[in-house]
Student: 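Take a look at this one; I'll ask things after.
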Amino acid sequence: MNEIAHNLAQVQNKILAATERCGRASEEVTLLAVSKTKPASAIAEAVAAGQRAFGENYVQEGVDKIRYFAQIGEAALEWHFIGPLQSNKSRLVAEHFDWCHTVDRLRIATRLSEQRPAELAPLNVLIQINISDEQSKSGIALSELDALAADVATLPGLVLRGLMAIPAPEPDYEHQLAVCQKMADAFSSLKNRYPTVDTLSLGMTDDMDAAIAAGSTMVRIGTAIFGARDYSAR
Ligand SMILES: *Cc1c(COP(=O)(O)O)cnc(C)c1O
């Protein structure tokens, strides 16, 4: 087994253990492999090991990888845009990605909807919540969610699938769980109102257990699968 396949198996085991601890089925939690800065060869190793869903943060880099895998006939992959999105890059996301996790304003949502090619399925979107209320972070406050969700749900080029958050680091599990629970409450109330909502993108390496206990359906893991990132070439 190569290193990436080995790492993937370990992460899958951690997800399994976390779901078992809280009495959930492991199939309820999707592993999103965050491949930003990593070469196509690393992604290909993960694909060979059975991984299907990949997360990218930089639009052009992600599009290059999507094109590459389409070209070699690897069509069954799912590409998630998880980075901050600027308006001038929205067209590339709308034209190439399957998901966008970082919708945090109507203007971006409207552009993504208008720019989504008619021959593709609508773009799956998550509304990003700034759950730890950090000044420097993107995402909206929970108090703004109902209004934005109502608008996003009307856009024909998008499907509202749920919520995403990047909680600030917390000192221990109990604090992590409290923050994740706030997200889970907002998610379940959204789910009750919109039948398309089924995805809570929450949990990274350090808070995965708490996120899964609270009800996350998608954890985003990069370094534990692909190793440390090298940003020097960017
Ligand atoms: C980079 C990134 C991750 C993965 O982080 P790792 O520490 O490498 O596991 C998850 N979510 C988002 C939004 C990211 O930008």
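Order of listing sets the numbers, starting from 1, for every ligand and every atom in it.
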Student: Of the non-hydrogen atoms in Arg105 and Leu85, which two are nearest, and what is the gap between them?
Tutor: NH2-O, 3.3 Å

Student: Taking only Lys NZ, Arg NE, NH1 and NH2, and the carboxylate oxygens of Asp or Glu, determine whether Lys191 and Asp198 approach each other closer than 4.0 Å.
Tutor: no

Student: Only counting residues at least two apart or in another chain, list the ones meeting side-chain hydrogen bond (donor to acceptor under 3.5 Å, both in side chains) with Asp172.
Tutor: His175

Student: Quick one: which residue pairs count as a ring pair (Phe, Tyr, Trp, His ring centres under 6.0 Å) with a foot in residues 89-128, not counting sequence neighbours?
Tutor: His80-Trp99, His80-His101, Phe81-Phe97

Student: Can you give the donor-acceptor pairs under 3.5 Å from side chains of residues 64-71 to other protein atoms, not counting sequence neighbours?
Tutor:
unit_1	atom_1	unit_2	atom_2	d
Asp64	OD1	Gln60	NE2	3.0
Lys65	NZ	Ser35	O	2.9
Lys65	NZ	Lys38	O	2.7
Lys65	NZ	Glu56	OE1	3.3
Lys65	NZ	Glu56	OE2	2.9
Lys65	NZ	Glu61	OE2	2.6

Student: Please give me the minimum heavy-atom distance between Tyr194 and Ala153, naming the atom from each residue.
Tutor: CE2-CB, 3.5 Å

Student: Let me know which protein residues bring a heavy atom to under 4.0 Å of ligand 1; chain then number is fine for ordering.
Tutor: Val34, Lys36, Asn57, Ile82, Met164, Ile166, Met204, Thr205, Arg220, Ile221, Gly222, Thr223, Arg229

